[in-house]
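Just so we're on the same page: letters track the sequence lines, and every chain starts at 1. Only this structure's heavy atoms are used, side chains among them; waters, hydrogens and symmetry mates stay out.
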2 protein chains.
Amino acid sequence: MKHLPHKTIERLSQYRRALLICLDKGQTHIYSHEIAKIQHITAVQVRRDLMLIGYTGTLRKGYNVKELIELIGEIIDSQEGINVSIIGMGNLGRALINYFSGKRSHLKIVASFDINPDKIGNTMSGVPCYSSDDMEKIIREKDIKLAIMTVPADFASQTADALVKAGIKGILNYTPKPVNVPKEVYLEEYDMITSLEKVAFYVKLNESAG
Amino acid sequence: MKHLPHKTIERLSQYRRALLICLDKGQTHIYSHEIAKIQHITAVQVRRDLMLIGYTGTLRKGYNVKELIELIGEIIDSQEGINVSIIGMGNLGRALINYFSGKRSHLKIVASFDINPDKIGNTMSGVPCYSSDDMEKIIREKDIKLAIMTVPADFASQTADALVKAGIKGILNYTPKPVNVPKEVYLEEYDMITSLEKVAFYVKLNESAG
DNA sequence: CTAACAATGTGAATTAATTAACAAAAAAAC
DNA sequence: GTTTTTTTGTTAATTAATTCACATTGTTAG
Ligand SMILES: NC(=O)c1ccc[n+]([C@@H]2O[C@H](COP(=O)([O-])OP(=O)(O)OC[C@H]3O[C@@H](n4cnc5c(N)ncnc54)[C@H](O)[C@@H]3O)[C@@H](O)[C@H]2O)c1
Ligand SMILES: NC(=O)c1ccc[n+]([C@@H]2O[C@H](COP(=O)([O-])OP(=O)(O)OC[C@H]3O[C@@H](n4cnc5c(N)ncnc54)[C@H](O)[C@@H]3O)[C@@H](O)[C@H]2O)c1
């Protein structure tokens, strides 16, 4: 397979999420336009994405839900599961653990870290909380590859540095403070204010357009 | 001004966030490459974006931080502030309220809604929590334009329908269930699993590439 | 059996976003 | 006071992403 576009990767993850729901409902096949409807995109786009990963459906019957889920898994998942950690067990950290727990997934949250003694030693949804001081040790011990940062913004940089030092391979940064990492560490950042301001902008635009 | 690219809107919001920090530190001017560094993009891209909004810096001195913040505000903010509500005061809802409170912003969270009687009537970071039953009434009374959905996935559709009925103009959906809204309502959806799977994919790619 | 239909798959065209390349000019160096 | 440096602003080129247009082919209807 050649290079999959960035956007295709994101959509494959979304397709799978939708497909898993279909599977649960007992649906065996699905048309490109049905997937498209769910994701608010066009049917061509869905077909193009599936073409890129080399999956062919059945003419007039659509795509086999189970097969497609499996193929997407082969593309985007790793062979072995990937261990994930959450740094900062505040509101957002808890929301995340809560959200992930129960999801059958190759991504497993196996540890969380905090500096607050009240949180250290607790377990939430089966995920133990360790002291940040032990981060490097535990990341190596448990072979943790990814980290989700939900510490206060002021601790963002130092946390990122510590993660890099511990040999983490990918970081999802939810603090509003962009961090710097060496290029061999994959970094994704997200801020809700940006999303909300974007919504606000387009609402304003809609209104002024009538 | 002509059409601003989607991505430019997002970046303007991010530039502003970074610029506000610079302003706090007393920095009066900033170069395009400094902004670029913070956002992990190129300097040309920054200059291009600023060109699109018609802002010109001073040659050799860079951009005036204060002026630029103000101009970005004129572009992406509404004249009057915009009232925002959060639907579902669970972990994620609380994380959001917590995060927004204290931010001086034209976006004001003025109400939250829940169905849990324990939460209804409480106030968090100055934001009162109302019963979902009163949603339409309060959204109209308080002139709430935007809503952030953080209800359990199973309630996503019905919540979106209720919001549309209440006359909401924009929705930011954080449930993992895509919802349908009429085209005059601007919808933005985000799911952390997609982001995390994307990170995992590129980490895997990095590894296999050596 | 044949025509109309409804779906997939994909090359070509289009549109969106980014990057390259460089002119212009202020500031600094000499 | 001239040259070099550094930064902005912008046109042109490139790359990425999406959409169009349509060939193909099972399926259904008549
Ligand atoms: N990206 C977004 O969209 C978004 C949304 C909401 C909140 N946030 C951000 O996420 C972060 C967390 O938000 P929250 O509401 O959960 O905050 P919070 O204060 O509830 O939680 C922060 C947690 O981090 C812990 N902590 C502090 N320093 C630490 C360190 N050095 N190492 C490990 N843990 C440490 C604290 O003890 C606390 O438990 C903040 O930076 C906030 O601004 C981002
Ligand atoms: N998009 C993401 O990245 C992301 C991340 C974490 C969680 N989530 C999702 O966000 C949602 C909330 O997560 P959470 O951890 O805060 O869950 P939670 O269970 O802690 O909170 C949900 C809240 O919604 C309330 N609620 C239930 N039905 C309601 C209704 N009809 N109207 C109003 N309120 C209602 C509940 O009483 C509860 O307080 C879930 O759908 C979860 O899957 C999304």
Selection from dG9(D), dT18(D), dT19(C) that lies nearest to any side-chain heavy atom of Val44(B)
dT19(C)
What nucleotide among dG9(C), dT19(D), dA7(C) has an atom nearest to a side-chain atom of Tyr63(A)?
dG9(C)
What is the distance, rounded to the nearest whole Å, between atom CG of Asp49(A) and atom P of dT18(D)?
8 Å
Of Gly57(A) and Lys61(B), the one whose closest nucleotide on DNA chain C sits nearer the 5' end is Gly57(A)
By nearest-nucleotide position on DNA chain D, the 5'-leaning member of His33(B) and Arg48(B) is His33(B)
Rounded to whole Å, the CD1-P distance (Ile9(A) to dA17(D)) equals 10 Å
Measure from CD on Gln45(B) to P on dT8(D) and round the result to the nearest Å.
15 Å
Is it the case that Tyr63(A) and Thr58(A) place a side-chain donor and acceptor less than 3.5 Å from each other?
no
Euclidean distance, atom CG of residue Leu52(B) to atom P of dT8(D) [Å, nearest integer]:
16 Å
Length of the line joining Ile30(B):CD1 and dT7(D):P, which is rounded to integer Å:
13 Å
Is any side-chain heavy atom of Ile87(B) closer than 4.5 Å to a side-chain heavy atom of Ile148(B)?
no
With the side chain of Arg11(B) defined as its heavy atoms from C-beta on, choose the nearest nucleotide among dT11(D), dA7(C), dT18(C).
dT18(C)
Is a side-chain N or O of Ser78(A) found less than 3.5 angstrom from the main chain of Gly81(A), in a donor-acceptor match?
no
Would you say the base of dT5(D) and the side-chain of Arg60(B) have a donor-acceptor pair closer than 3.5 Å?
yes
Once you round it to whole Å, what is the distance between C1' of dT18(D) and NE2 of His6(B)?
13 Å
Have Lys142(B) and Tyr130(B) got a donor and an acceptor in their side chains that come within less than 3.5 Å?
yes
Judged by nearest nucleotide, the residue sitting upstream toward the 5' end of DNA chain D, Leu4(A) or Arg47(A), is Leu4(A)
Measure from CE on Met51(A) to C1' on dA21(D) and round the result to the nearest Å.
15 Å
Hydrogens and angles aside, do Tyr55(B) and Asp49(B) bring a side-chain donor and acceptor to less than 3.5 Å of each other?
no
Just the rounded figure in Å: distance from C1' of dT8(C) to CD of Glu34(A).
14 Å
Name the nucleic acid region contacted by Thr8(A), choosing base, sugar-phosphate or nothing; use a 4.0 angstrom heavy-atom cut-off, strictly under.
nothing
